[in-house]
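We name chains A, B, ... by the order of the sequence lines, and we start the count at 1 in each one.
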Protein chains: 2
Amino acid sequence: MAALDPSLIRDLPPFAGMATEELADLLQRARALRQPRGATVFEQDGEAHSFFVLLDGHIRVVRTTPEGQQVTVRYISEGEIFGIAAALGRTTYPATAIAAADCVILAWPTAQWAELSTRHPALGANTYKTVGGRLQDAHTRVVEMSTEQVEQRVAHALLRLVNQTGRRTEDGIEIDFPITRQDIAEMTGATLHTVSRLLSAWESRGLVSSGRRRVVVVDPHRLMLIAESRERE
Amino acid sequence: MAALDPSLIRDLPPFAGMATEELADLLQRARALRQPRGATVFEQDGEAHSFFVLLDGHIRVVRTTPEGQQVTVRYISEGEIFGIAAALGRTTYPATAIAAADCVILAWPTAQWAELSTRHPALGANTYKTVGGRLQDAHTRVVEMSTEQVEQRVAHALLRLVNQTGRRTEDGIEIDFPITRQDIAEMTGATLHTVSRLLSAWESRGLVSSGRRRVVVVDPHRLMLIAESRERE
DNA sequence: ACGCGAGTTTGCGCGACCGCAAACTCCCCC
DNA sequence: GGGGGAGTTTGCGGTCGCGCAAACTCGCGT
(Lines give C-alpha, C1' and ligand atoms only; values in the text may rest on other atoms or scores of the structure.)
Protein backbone atom coordinates (compact mmCIF):
# COMPACT_ATOMS: atom_id res chain seq x y z
CA MET A 1 0.00 0.00 0.00
CA ALA A 2 1.27 3.45 -0.82
CA ALA A 3 2.38 5.33 2.30
CA LEU A 4 0.06 8.12 3.33
CA ASP A 5 1.51 11.58 3.74
CA PRO A 6 1.66 13.08 7.24
CA SER A 7 0.45 16.40 5.86
CA LEU A 8 -2.92 14.72 5.39
CA ILE A 9 -3.59 14.64 9.09
CA ARG A 10 -1.16 17.14 10.55
CA ASP A 11 -3.74 19.82 11.10
CA LEU A 12 -6.50 17.65 12.51
CA PRO A 13 -7.40 18.08 16.19
CA PRO A 14 -6.63 14.48 17.24
CA PHE A 15 -3.05 14.93 16.11
CA ALA A 16 -2.37 18.41 17.42
CA GLY A 17 1.06 18.84 18.90
CA MET A 18 2.60 15.80 17.25
CA ALA A 19 5.88 15.66 15.35
CA THR A 20 5.98 14.59 11.72
CA GLU A 21 7.72 11.32 12.61
CA GLU A 22 4.97 10.53 15.08
CA LEU A 23 2.35 11.15 12.42
CA ALA A 24 4.21 8.89 10.04
CA ASP A 25 4.35 6.18 12.69
CA LEU A 26 0.60 6.47 13.19
CA LEU A 27 -0.19 6.47 9.48
CA GLN A 28 1.90 3.43 8.91
CA ARG A 29 -0.45 1.43 11.07
CA ALA A 30 -3.63 2.98 9.69
CA ARG A 31 -5.86 1.55 7.06
CA ALA A 32 -7.72 3.97 4.80
CA LEU A 33 -11.20 3.17 3.64
CA ARG A 34 -14.00 4.69 1.63
CA GLN A 35 -17.63 4.36 2.57
CA PRO A 36 -20.46 5.42 0.30
CA ARG A 37 -23.45 7.27 1.71
CA GLY A 38 -25.61 4.94 3.72
CA ALA A 39 -22.84 2.47 4.54
CA THR A 40 -22.46 1.27 8.11
CA VAL A 41 -19.03 1.93 9.58
CA PHE A 42 -19.68 0.01 12.78
CA GLU A 43 -22.68 -1.42 14.50
CA GLN A 44 -24.20 -1.00 17.94
CA ASP A 45 -23.15 -3.83 20.30
CA GLY A 46 -20.68 -5.07 17.72
CA GLU A 47 -17.17 -5.91 18.84
CA ALA A 48 -15.08 -2.73 18.89
CA HIS A 49 -12.36 -3.90 16.55
CA SER A 50 -11.21 -0.46 15.36
CA PHE A 51 -11.20 3.22 16.10
CA PHE A 52 -11.41 5.84 13.39
CA VAL A 53 -10.63 9.33 12.20
CA LEU A 54 -12.90 10.90 9.61
CA LEU A 55 -10.90 12.50 6.80
CA ASP A 56 -13.78 13.54 4.60
CA GLY A 57 -17.57 13.33 4.67
CA HIS A 58 -20.03 13.17 7.55
CA ILE A 59 -21.12 10.41 9.86
CA ARG A 60 -24.31 9.97 11.80
CA VAL A 61 -24.09 8.10 15.10
CA VAL A 62 -27.37 6.43 16.01
CA ARG A 63 -28.60 4.59 19.04
CA THR A 64 -31.45 2.17 18.53
CA THR A 65 -33.80 1.22 21.36
CA PRO A 66 -34.96 -2.34 21.96
CA GLU A 67 -38.29 -1.20 20.51
CA GLY A 68 -36.61 -0.09 17.31
CA GLN A 69 -36.79 3.65 17.89
CA GLN A 70 -33.76 5.47 16.55
CA VAL A 71 -32.10 8.45 18.17
CA THR A 72 -29.21 10.32 16.61
CA VAL A 73 -26.57 10.76 19.25
CA ARG A 74 -24.28 13.05 17.27
CA TYR A 75 -22.86 13.91 13.89
CA ILE A 76 -19.16 13.45 13.23
CA SER A 77 -17.46 15.99 10.99
CA GLU A 78 -14.17 16.01 9.13
CA GLY A 79 -11.15 15.65 11.35
CA GLU A 80 -12.93 14.07 14.29
CA ILE A 81 -11.93 10.86 16.01
CA PHE A 82 -14.73 8.37 16.66
CA GLY A 83 -15.46 4.80 17.60
CA ILE A 84 -13.16 5.09 20.60
CA ALA A 85 -14.97 2.62 22.79
CA ALA A 86 -11.67 0.98 23.64
CA ALA A 87 -10.17 4.17 25.07
CA LEU A 88 -13.10 4.26 27.45
CA GLY A 89 -12.84 0.70 28.64
CA ARG A 90 -15.60 -0.73 26.46
CA THR A 91 -15.32 -3.76 24.24
CA THR A 92 -18.38 -3.10 22.09
CA TYR A 93 -19.63 -0.02 20.27
CA PRO A 94 -22.46 1.72 22.10
CA ALA A 95 -24.08 2.95 18.88
CA THR A 96 -24.17 2.51 15.13
CA ALA A 97 -22.19 4.78 12.77
CA ILE A 98 -23.61 5.43 9.32
CA ALA A 99 -22.06 7.48 6.54
CA ALA A 100 -24.35 10.49 6.00
CA ALA A 101 -22.34 11.31 2.89
CA ASP A 102 -19.55 9.56 1.04
CA CYS A 103 -16.68 9.26 3.48
CA VAL A 104 -12.95 8.74 3.64
CA ILE A 105 -11.86 7.22 6.91
CA LEU A 106 -8.68 6.13 8.63
CA ALA A 107 -8.97 3.07 10.86
CA TRP A 108 -6.67 1.60 13.48
CA PRO A 109 -7.10 -1.72 15.24
CA THR A 110 -8.47 -1.23 18.73
CA ALA A 111 -5.76 -3.53 20.04
CA GLN A 112 -3.19 -0.86 19.25
CA TRP A 113 -4.86 1.91 21.22
CA ALA A 114 -2.95 1.26 24.43
CA GLU A 115 0.38 1.17 22.70
CA LEU A 116 -0.26 4.14 20.43
CA SER A 117 -1.67 6.36 23.14
CA THR A 118 1.26 5.76 25.47
CA ARG A 119 3.81 6.12 22.71
CA HIS A 120 2.15 9.33 21.56
CA PRO A 121 0.82 11.00 24.69
CA ALA A 122 -0.57 13.93 22.70
CA LEU A 123 -2.97 11.53 21.00
CA GLY A 124 -4.34 10.42 24.35
CA ALA A 125 -4.62 13.95 25.66
CA ASN A 126 -6.37 15.19 22.52
CA THR A 127 -8.74 12.25 22.58
CA TYR A 128 -9.72 12.71 26.20
CA LYS A 129 -10.27 16.37 25.57
CA THR A 130 -12.65 15.40 22.78
CA VAL A 131 -14.41 12.98 25.07
CA GLY A 132 -14.80 15.71 27.65
CA GLY A 133 -16.38 17.93 25.05
CA ARG A 134 -18.77 15.18 24.02
CA LEU A 135 -19.79 14.53 27.59
CA GLN A 136 -20.62 18.20 27.92
CA ASP A 137 -22.49 18.17 24.62
CA ALA A 138 -24.53 15.21 25.78
CA HIS A 139 -25.41 16.97 29.02
CA THR A 140 -26.33 20.06 27.07
CA ARG A 141 -28.72 17.95 25.04
CA VAL A 142 -30.25 16.53 28.19
CA VAL A 143 -30.77 20.05 29.45
CA GLU A 144 -32.32 21.13 26.16
CA MET A 145 -34.64 18.15 26.07
CA SER A 146 -35.70 18.93 29.62
CA THR A 147 -36.32 22.62 29.33
CA GLU A 148 -37.06 23.55 25.74
CA GLN A 149 -40.03 23.21 23.45
CA VAL A 150 -39.69 21.34 20.20
CA GLU A 151 -39.40 24.58 18.22
CA GLN A 152 -36.38 25.72 20.21
CA ARG A 153 -34.76 22.31 20.05
CA VAL A 154 -35.05 22.12 16.28
CA ALA A 155 -33.71 25.64 15.94
CA HIS A 156 -30.76 24.78 18.18
CA ALA A 157 -30.10 21.60 16.23
CA LEU A 158 -30.03 23.45 12.91
CA LEU A 159 -27.75 26.13 14.28
CA ARG A 160 -25.41 23.48 15.63
CA LEU A 161 -25.29 21.71 12.28
CA VAL A 162 -24.69 24.96 10.50
CA ASN A 163 -21.83 25.86 12.83
CA GLN A 164 -20.31 22.43 12.57
CA THR A 165 -20.70 21.79 8.89
CA GLY A 166 -22.06 24.95 7.30
CA ARG A 167 -21.06 25.88 3.76
CA ARG A 168 -21.68 29.41 2.54
CA THR A 169 -23.93 29.72 -0.49
CA GLU A 170 -25.52 32.73 -2.08
CA ASP A 171 -28.78 32.07 -0.25
CA GLY A 172 -27.26 31.58 3.19
CA ILE A 173 -25.46 28.77 4.97
CA GLU A 174 -26.17 25.27 3.79
CA ILE A 175 -25.84 22.09 5.77
CA ASP A 176 -23.13 20.27 3.92
CA PHE A 177 -24.64 16.82 3.56
CA PRO A 178 -28.00 15.31 2.68
CA ILE A 179 -30.30 15.53 5.68
CA THR A 180 -33.96 14.58 5.86
CA ARG A 181 -36.77 15.81 8.10
CA GLN A 182 -36.64 12.38 9.67
CA ASP A 183 -32.96 12.86 10.52
CA ILE A 184 -33.70 16.17 12.19
CA ALA A 185 -36.56 14.57 14.07
CA GLU A 186 -34.25 11.86 15.37
CA MET A 187 -31.81 14.51 16.59
CA THR A 188 -34.41 16.49 18.47
CA GLY A 189 -36.85 13.97 19.82
CA ALA A 190 -39.66 15.18 17.60
CA THR A 191 -41.63 13.61 14.76
CA LEU A 192 -40.86 14.25 11.13
CA HIS A 193 -44.31 15.78 10.80
CA THR A 194 -43.61 18.44 13.38
CA VAL A 195 -40.19 19.16 11.88
CA SER A 196 -41.75 19.51 8.45
CA ARG A 197 -44.35 21.94 9.77
CA LEU A 198 -41.68 24.01 11.50
CA LEU A 199 -39.48 24.18 8.41
CA SER A 200 -42.46 25.16 6.27
CA ALA A 201 -43.36 27.92 8.68
CA TRP A 202 -39.79 29.17 8.83
CA GLU A 203 -39.48 28.98 5.07
CA SER A 204 -42.50 31.24 4.62
CA ARG A 205 -40.96 33.70 7.05
CA GLY A 206 -37.69 33.66 5.12
CA LEU A 207 -35.60 32.11 7.88
CA VAL A 208 -34.61 28.98 6.02
CA SER A 209 -34.83 27.55 2.55
CA SER A 210 -35.13 23.84 2.31
CA GLY A 211 -35.99 21.04 -0.03
CA ARG A 212 -35.50 17.38 -0.51
CA ARG A 213 -32.63 16.32 1.76
CA ARG A 214 -31.39 19.88 1.82
CA VAL A 215 -31.53 22.68 4.38
CA VAL A 216 -30.15 26.20 4.01
CA VAL A 217 -30.29 28.61 6.91
CA VAL A 218 -30.98 32.00 5.37
CA ASP A 219 -31.16 34.11 8.51
CA PRO A 220 -29.14 32.57 11.36
CA HIS A 221 -29.70 35.58 13.56
CA ARG A 222 -33.47 35.34 13.58
CA LEU A 223 -33.25 31.58 13.98
CA MET A 224 -31.08 32.16 17.02
CA LEU A 225 -33.79 34.40 18.43
CA ILE A 226 -36.25 31.53 18.12
CA ALA A 227 -33.78 29.10 19.70
CA GLU A 228 -33.22 31.32 22.71
CA SER A 229 -36.66 32.83 23.04
CA ARG A 230 -38.95 32.23 25.96
CA GLU A 231 -38.17 28.76 27.11
CA ARG A 232 -40.38 27.47 29.88
CA GLU A 233 -39.58 29.83 32.72
CA MET B 1 -2.85 16.11 59.82
CA ALA B 2 -3.08 12.43 60.73
CA ALA B 3 -2.20 10.21 57.78
CA LEU B 4 -5.18 8.47 56.22
CA ASP B 5 -5.13 4.72 55.99
CA PRO B 6 -4.91 3.13 52.51
CA SER B 7 -7.56 0.60 53.50
CA LEU B 8 -10.02 3.49 53.38
CA ILE B 9 -9.89 3.67 49.62
CA ARG B 10 -8.39 0.37 48.57
CA ASP B 11 -11.66 -1.12 47.45
CA LEU B 12 -13.04 1.91 45.62
CA PRO B 13 -13.30 1.72 41.81
CA PRO B 14 -11.02 4.69 41.07
CA PHE B 15 -8.18 2.93 42.86
CA ALA B 16 -8.68 -0.60 41.56
CA GLY B 17 -5.48 -2.41 40.78
CA MET B 18 -3.21 -0.12 42.78
CA ALA B 19 -0.56 -1.19 45.29
CA THR B 20 -0.73 -0.11 48.91
CA GLU B 21 2.27 2.18 48.49
CA GLU B 22 0.56 3.89 45.57
CA LEU B 23 -2.55 4.44 47.65
CA ALA B 24 -0.44 5.89 50.42
CA ASP B 25 1.23 8.23 47.95
CA LEU B 26 -2.17 9.40 46.73
CA LEU B 27 -3.59 9.85 50.20
CA GLN B 28 -0.63 11.86 51.28
CA ARG B 29 -1.57 14.53 48.80
CA ALA B 30 -5.29 14.40 49.46
CA ARG B 31 -7.25 16.70 51.67
CA ALA B 32 -10.29 15.26 53.45
CA LEU B 33 -13.35 17.43 53.93
CA ARG B 34 -16.84 17.20 55.31
CA GLN B 35 -19.82 18.86 53.72
CA PRO B 36 -23.21 19.07 55.37
CA ARG B 37 -26.35 18.45 53.34
CA GLY B 38 -27.03 21.37 51.07
CA ALA B 39 -23.42 22.53 50.89
CA THR B 40 -21.92 23.36 47.51
CA VAL B 41 -18.79 21.37 46.69
CA PHE B 42 -18.04 23.25 43.50
CA GLU B 43 -19.87 25.66 41.29
CA GLN B 44 -20.73 25.73 37.60
CA ASP B 45 -18.24 27.82 35.60
CA GLY B 46 -16.02 28.14 38.66
CA GLU B 47 -12.30 27.49 38.25
CA ALA B 48 -11.65 23.75 38.47
CA HIS B 49 -9.17 23.87 41.33
CA SER B 50 -9.71 20.30 42.59
CA PHE B 51 -10.97 16.87 41.73
CA PHE B 52 -12.70 14.65 44.26
CA VAL B 53 -13.58 11.18 45.43
CA LEU B 54 -16.72 10.73 47.50
CA LEU B 55 -16.08 8.57 50.57
CA ASP B 56 -19.51 8.85 52.12
CA GLY B 57 -22.82 10.50 51.34
CA HIS B 58 -24.44 11.48 48.07
CA ILE B 59 -23.92 14.35 45.69
CA ARG B 60 -26.26 15.91 43.19
CA VAL B 61 -24.71 17.43 40.07
CA VAL B 62 -26.84 20.20 38.62
CA ARG B 63 -26.65 22.24 35.48
CA THR B 64 -28.41 25.61 35.52
CA THR B 65 -29.61 27.26 32.33
CA PRO B 66 -29.17 30.98 31.64
CA GLU B 67 -32.88 31.28 32.39
CA GLY B 68 -32.40 29.75 35.83
CA GLN B 69 -33.91 26.34 35.08
CA GLN B 70 -32.14 23.54 36.90
CA VAL B 71 -31.50 20.09 35.51
CA THR B 72 -29.92 17.31 37.52
CA VAL B 73 -27.18 15.77 35.42
CA ARG B 74 -26.38 12.85 37.72
CA TYR B 75 -26.07 11.64 41.28
CA ILE B 76 -22.68 10.66 42.65
CA SER B 77 -22.55 7.74 45.07
CA GLU B 78 -19.95 6.52 47.51
CA GLY B 79 -16.66 5.59 45.93
CA GLU B 80 -17.09 7.64 42.76
CA ILE B 81 -14.62 10.12 41.39
CA PHE B 82 -16.07 13.48 40.33
CA GLY B 83 -15.14 17.02 39.40
CA ILE B 84 -12.61 15.73 36.89
CA ALA B 85 -12.89 18.63 34.48
CA ALA B 86 -9.09 18.82 34.35
CA ALA B 87 -8.71 15.24 33.10
CA LEU B 88 -10.94 16.20 30.20
CA GLY B 89 -9.11 19.33 29.24
CA ARG B 90 -11.46 21.79 30.91
CA THR B 91 -10.44 24.58 33.22
CA THR B 92 -13.87 25.24 34.73
CA TYR B 93 -16.54 22.96 36.16
CA PRO B 94 -19.42 22.39 33.75
CA ALA B 95 -21.98 22.00 36.55
CA THR B 96 -22.61 22.59 40.24
CA ALA B 97 -22.14 19.83 42.84
CA ILE B 98 -24.35 19.92 45.92
CA ALA B 99 -24.28 17.53 48.88
CA ALA B 100 -27.59 15.67 48.85
CA ALA B 101 -26.70 14.24 52.24
CA ASP B 102 -23.86 14.86 54.66
CA CYS B 103 -20.69 13.94 52.83
CA VAL B 104 -17.08 12.97 53.42
CA ILE B 105 -14.89 13.81 50.46
CA LEU B 106 -11.27 13.51 49.43
CA ALA B 107 -9.91 16.35 47.32
CA TRP B 108 -6.77 16.71 45.23
CA PRO B 109 -5.53 19.86 43.54
CA THR B 110 -6.29 19.81 39.83
CA ALA B 111 -2.71 20.80 39.16
CA GLN B 112 -1.57 17.38 40.33
CA TRP B 113 -3.80 15.40 37.96
CA ALA B 114 -1.21 15.11 35.21
CA GLU B 115 1.52 13.98 37.57
CA LEU B 116 -0.66 11.57 39.54
CA SER B 117 -2.29 9.99 36.52
CA THR B 118 1.05 9.30 34.83
CA ARG B 119 2.69 8.10 38.02
CA HIS B 120 -0.30 5.83 38.70
CA PRO B 121 -1.55 4.67 35.31
CA ALA B 122 -4.31 2.61 36.87
CA LEU B 123 -5.86 5.83 38.19
CA GLY B 124 -6.01 7.24 34.68
CA ALA B 125 -7.40 4.06 33.20
CA ASN B 126 -10.05 3.72 35.91
CA THR B 127 -11.03 7.34 35.49
CA TYR B 128 -11.41 7.16 31.74
CA LYS B 129 -13.44 4.03 32.11
CA THR B 130 -15.73 5.95 34.44
CA VAL B 131 -15.95 8.78 31.96
CA GLY B 132 -16.87 6.32 29.23
CA GLY B 133 -19.65 4.98 31.39
CA ARG B 134 -20.94 8.47 32.05
CA LEU B 135 -20.92 9.35 28.40
CA GLN B 136 -23.03 6.27 27.76
CA ASP B 137 -25.34 7.15 30.64
CA ALA B 138 -25.80 10.62 29.23
CA HIS B 139 -26.65 9.23 25.82
CA THR B 140 -29.05 6.80 27.42
CA ARG B 141 -30.77 9.75 29.05
CA VAL B 142 -31.01 11.53 25.73
CA VAL B 143 -32.59 8.44 24.23
CA GLU B 144 -35.03 8.16 27.13
CA MET B 145 -35.99 11.81 26.89
CA SER B 146 -36.56 11.37 23.17
CA THR B 147 -38.59 8.21 23.18
CA GLU B 148 -40.32 7.78 26.52
CA GLN B 149 -43.31 9.31 28.20
CA VAL B 150 -42.92 11.00 31.55
CA GLU B 151 -44.27 7.98 33.41
CA GLN B 152 -41.59 5.69 31.98
CA ARG B 153 -38.86 8.24 32.59
CA VAL B 154 -39.77 8.65 36.24
CA ALA B 155 -39.97 4.89 36.68
CA HIS B 156 -36.54 4.49 35.10
CA ALA B 157 -35.10 7.23 37.26
CA LEU B 158 -36.38 5.63 40.46
CA LEU B 159 -35.08 2.22 39.44
CA ARG B 160 -31.70 3.72 38.67
CA LEU B 161 -31.55 5.44 42.04
CA VAL B 162 -32.60 2.28 43.78
CA ASN B 163 -29.93 0.26 42.01
CA GLN B 164 -27.28 2.85 42.70
CA THR B 165 -28.11 3.74 46.27
CA GLY B 166 -30.84 1.41 47.43
CA ARG B 167 -30.98 0.26 51.03
CA ARG B 168 -33.10 -2.72 51.98
CA THR B 169 -35.84 -2.04 54.50
CA GLU B 170 -38.73 -4.17 55.61
CA ASP B 171 -41.09 -2.37 53.22
CA GLY B 172 -38.86 -2.59 50.17
CA ILE B 173 -35.81 -0.75 48.89
CA GLU B 174 -35.35 2.80 50.07
CA ILE B 175 -33.45 5.54 48.32
CA ASP B 176 -30.67 6.24 50.73
CA PHE B 177 -30.77 10.03 50.93
CA PRO B 178 -33.40 12.73 51.21
CA ILE B 179 -34.99 13.31 47.83
CA THR B 180 -37.90 15.58 47.00
CA ARG B 181 -40.49 15.44 44.21
CA GLN B 182 -38.77 18.50 42.83
CA ASP B 183 -35.45 16.62 42.69
CA ILE B 184 -37.06 13.79 40.77
CA ALA B 185 -38.68 16.30 38.44
CA GLU B 186 -35.29 17.87 37.72
CA MET B 187 -33.87 14.45 36.88
CA THR B 188 -36.61 13.54 34.45
CA GLY B 189 -37.61 16.75 32.78
CA ALA B 190 -41.04 16.77 34.36
CA THR B 191 -42.77 19.08 36.82
CA LEU B 192 -42.99 18.32 40.50
CA HIS B 193 -46.77 18.24 40.11
CA THR B 194 -46.65 15.44 37.61
CA VAL B 195 -44.13 13.52 39.69
CA SER B 196 -46.34 13.91 42.74
CA ARG B 197 -49.34 12.62 40.84
CA LEU B 198 -47.40 9.61 39.58
CA LEU B 199 -46.07 8.73 43.01
CA SER B 200 -49.55 9.04 44.50
CA ALA B 201 -50.96 6.74 41.85
CA TRP B 202 -48.17 4.21 42.33
CA GLU B 203 -48.55 4.41 46.09
CA SER B 204 -52.22 3.50 45.85
CA ARG B 205 -51.29 0.54 43.66
CA GLY B 206 -48.71 -0.59 46.19
CA LEU B 207 -45.68 -0.05 43.96
CA VAL B 208 -43.97 2.53 46.11
CA SER B 209 -44.27 4.04 49.52
CA SER B 210 -43.17 7.61 49.85
CA GLY B 211 -43.33 10.59 52.09
CA ARG B 212 -41.61 13.81 52.83
CA ARG B 213 -38.16 13.60 51.20
CA ARG B 214 -38.40 9.84 51.21
CA VAL B 215 -39.10 7.21 48.57
CA VAL B 216 -39.26 3.45 49.05
CA VAL B 217 -39.75 1.18 46.08
CA VAL B 218 -41.96 -1.63 47.31
CA ASP B 219 -42.34 -3.61 44.11
CA PRO B 220 -39.37 -3.07 41.77
CA HIS B 221 -40.61 -5.71 39.39
CA ARG B 222 -43.92 -4.05 38.64
CA LEU B 223 -42.20 -0.68 38.46
CA MET B 224 -39.89 -2.17 35.86
CA LEU B 225 -42.91 -3.24 33.87
CA ILE B 226 -44.10 0.36 33.82
CA ALA B 227 -40.64 1.60 32.85
CA GLU B 228 -40.41 -0.76 29.91
CA SER B 229 -44.02 -0.82 28.85
CA ARG B 230 -45.35 0.57 25.62
CA GLU B 231 -43.04 3.38 24.78
CA ARG B 232 -44.04 5.33 21.71
CA GLU B 233 -43.66 2.79 18.96
C1' DA C 1 -38.43 8.55 -20.76
C1' DC C 2 -40.94 7.01 -17.34
C1' DG C 3 -42.27 4.61 -13.13
C1' DC C 4 -41.73 3.83 -8.56
C1' DG C 5 -40.32 4.76 -4.07
C1' DA C 6 -38.40 7.84 -0.87
C1' DG C 7 -39.14 12.07 1.09
C1' DT C 8 -42.35 15.76 2.12
C1' DT C 9 -46.61 18.34 3.09
C1' DT C 10 -50.91 19.12 5.31
C1' DG C 11 -55.30 18.27 7.86
C1' DC C 12 -57.69 16.73 11.88
C1' DG C 13 -58.50 15.01 16.51
C1' DC C 14 -56.87 13.89 20.82
C1' DG C 15 -54.31 13.06 24.90
C1' DA C 16 -50.42 13.75 27.91
C1' DC C 17 -48.54 17.03 30.59
C1' DC C 18 -47.84 21.67 31.90
C1' DG C 19 -49.24 26.05 34.27
C1' DC C 20 -51.56 28.12 37.74
C1' DA C 21 -53.78 28.07 42.09
C1' DA C 22 -55.09 26.71 46.52
C1' DA C 23 -55.17 23.84 50.44
C1' DC C 24 -52.95 20.77 53.36
C1' DT C 25 -49.40 18.54 56.48
C1' DC C 26 -45.48 17.60 58.50
C1' DC C 27 -41.27 18.88 60.70
C1' DC C 28 -38.03 22.02 62.37
C1' DC C 29 -36.76 25.67 65.22
C1' DC C 30 -37.45 29.31 68.39
C1' DG D 1 -45.60 24.02 72.30
C1' DG D 2 -46.77 26.70 68.72
C1' DG D 3 -45.75 29.34 64.58
C1' DG D 4 -43.92 29.10 60.01
C1' DG D 5 -42.02 27.44 56.07
C1' DA D 6 -40.75 23.67 53.16
C1' DG D 7 -42.60 19.98 50.88
C1' DT D 8 -46.68 17.76 49.04
C1' DT D 9 -51.32 16.97 47.13
C1' DT D 10 -55.05 17.87 44.10
C1' DG D 11 -58.15 20.22 40.77
C1' DC D 12 -58.97 22.41 36.41
C1' DG D 13 -58.22 24.29 31.93
C1' DG D 14 -55.36 24.86 28.02
C1' DT D 15 -52.20 23.59 24.50
C1' DC D 16 -48.30 21.67 22.31
C1' DG D 17 -47.09 18.22 19.59
C1' DC D 18 -48.11 13.46 18.58
C1' DG D 19 -50.70 9.79 15.91
C1' DC D 20 -52.94 8.64 11.96
C1' DA D 21 -54.08 9.28 7.25
C1' DA D 22 -53.82 10.78 2.66
C1' DA D 23 -52.01 13.22 -1.13
C1' DC D 24 -48.27 15.03 -3.47
C1' DT D 25 -43.61 15.59 -5.70
C1' DC D 26 -39.22 15.01 -6.78
C1' DG D 27 -35.41 12.44 -8.52
C1' DC D 28 -33.10 8.19 -9.14
C1' DG D 29 -32.44 4.07 -11.65
C1' DT D 30 -33.11 1.07 -15.59
Review point. Think B/Arg181 has a side-chain N or O under 4.0 angstrom from the OP1 or OP2 of D/dG7?
Key: no
**Study point:** Identified side chain to side chain contact (heavy atoms under 4.5 Å, CB included) counterpart of A/His58 within the set A/Asp102, A/Asp176, A/Ile76, A/Ile175
**Key:** A/Asp176
**Study point:** Check ion pair A/Glu186-A/Arg60 (N to O, under 4.0 angstrom)
**Key:** yes
**Study point:** Whole-Å distance separating the CE atom of B/Met145 from the C1' atom of C/dC17
**Key:** 13 Å
Practice item. Assign each of A/Val195 and B/Val195 to its nearest nucleotide of DNA chain D by heavy atoms, then name whichever residue's nucleotide is nearer the 5' end. Key: B/Val195
Revision key, fill the gap. Between B/Arg214 and A/Arg153, the residue closer to the 5' end of DNA chain D by nearest nucleotide is B/Arg214
Practice item. Report the distance from atom CD of A/Glu186 to atom P of C/dT8, rounded to the nearest whole Å. Key: 12 Å
Check your understanding: Does a side-chain heavy-atom distance below 4.5 Å link B/Thr165 with B/Phe177?
Key -> yes
**Study point:** Distance test, side-chain N/O of A/Ser200 to OP1/OP2 of C/dT10, below 4.0 Å
**Key:** yes
Point to revise | Parallel, tilted or perpendicular: ring planes of A/Tyr93 versus A/Phe52, cut at 30 and 60 degrees | key: tilted
Practice item. Let me know the distance between CG of B/Leu199 and P of C/dC17, rounded to the nearest Å. Key: 14 Å
**Study point:** Within 6.0 angstrom of B/Arg34 CZ, more than 12 heavy atoms from elsewhere
**Key:** no
Check your understanding: Whole Å only: how far is the CG atom of A/Leu192 from the P atom of D/dA21?
Key -> 15 Å
Practice item. Describe, as an angle rounded to 10 degrees, how the axis at the first end of the helix from C/dA1-D/dT30 to C/dC30-D/dG1 is tilted relative to the axis at the last end, five pairs per end. Key: 50°
**Study point:** Side-chain heavy-atom pair B/His139, A/Pro94 within 4.5 angstrom cut-off
**Key:** no
**Study point:** Integer-rounded Å distance: C/dA16 P and A/Gln149 CD
**Key:** 18 Å
Point to revise | Spacing of B/His193 atom NE2 relative to D/dC12 atom P, expressed in whole Å | key: 16 Å
Review point. Would a 4.5 Å heavy-atom cut-off, applied to side chains only, mark A/Ile179 and A/Leu161 as touching?
Key: yes
**Study point:** A/Arg197 CZ - D/dA21 P separation (whole Å)
**Key:** 15 Å
Point to revise | Phosphate OP1/OP2 of D/dG7 contacted by B/Thr180 side-chain N/O (<4.0 Å) | key: no
Review point. Any side-chain heavy-atom pair from B/Leu207 and B/Glu203 closer than 4.5 angstrom?
Key: no
Review point. D/dG17 phosphate, OP1 or OP2: any side-chain N/O from A/Thr191 under 4.0 angstrom?
Key: no
**Study point:** Whole angstrom value for the distance that separates C1' of D/dG17 from CD of B/Glu148
**Key:** 18 Å
Check your understanding: Counting just side-chain N and O atoms, does B/Ser196 come under 4.0 Å of either OP1 or OP2 of D/dT8?
Key -> no
**Study point:** Summary of protein contacts for nucleotides 23-30 of chain D, nucleotide by nucleotide, where a base hit scores B, a sugar-phosphate-only hit scores S (4.0 Å, heavy atoms)
**Key:** --BBS---
Check your understanding: Is B/Arg63 reaching over with its side chain to a backbone N or O of B/Thr96, donor-acceptor style, under 3.5 angstrom?
Key -> no
Review point. Do A/Thr169 and A/Arg167 touch side chain to side chain, with heavy atoms closer than 4.5 Å?
Key: yes
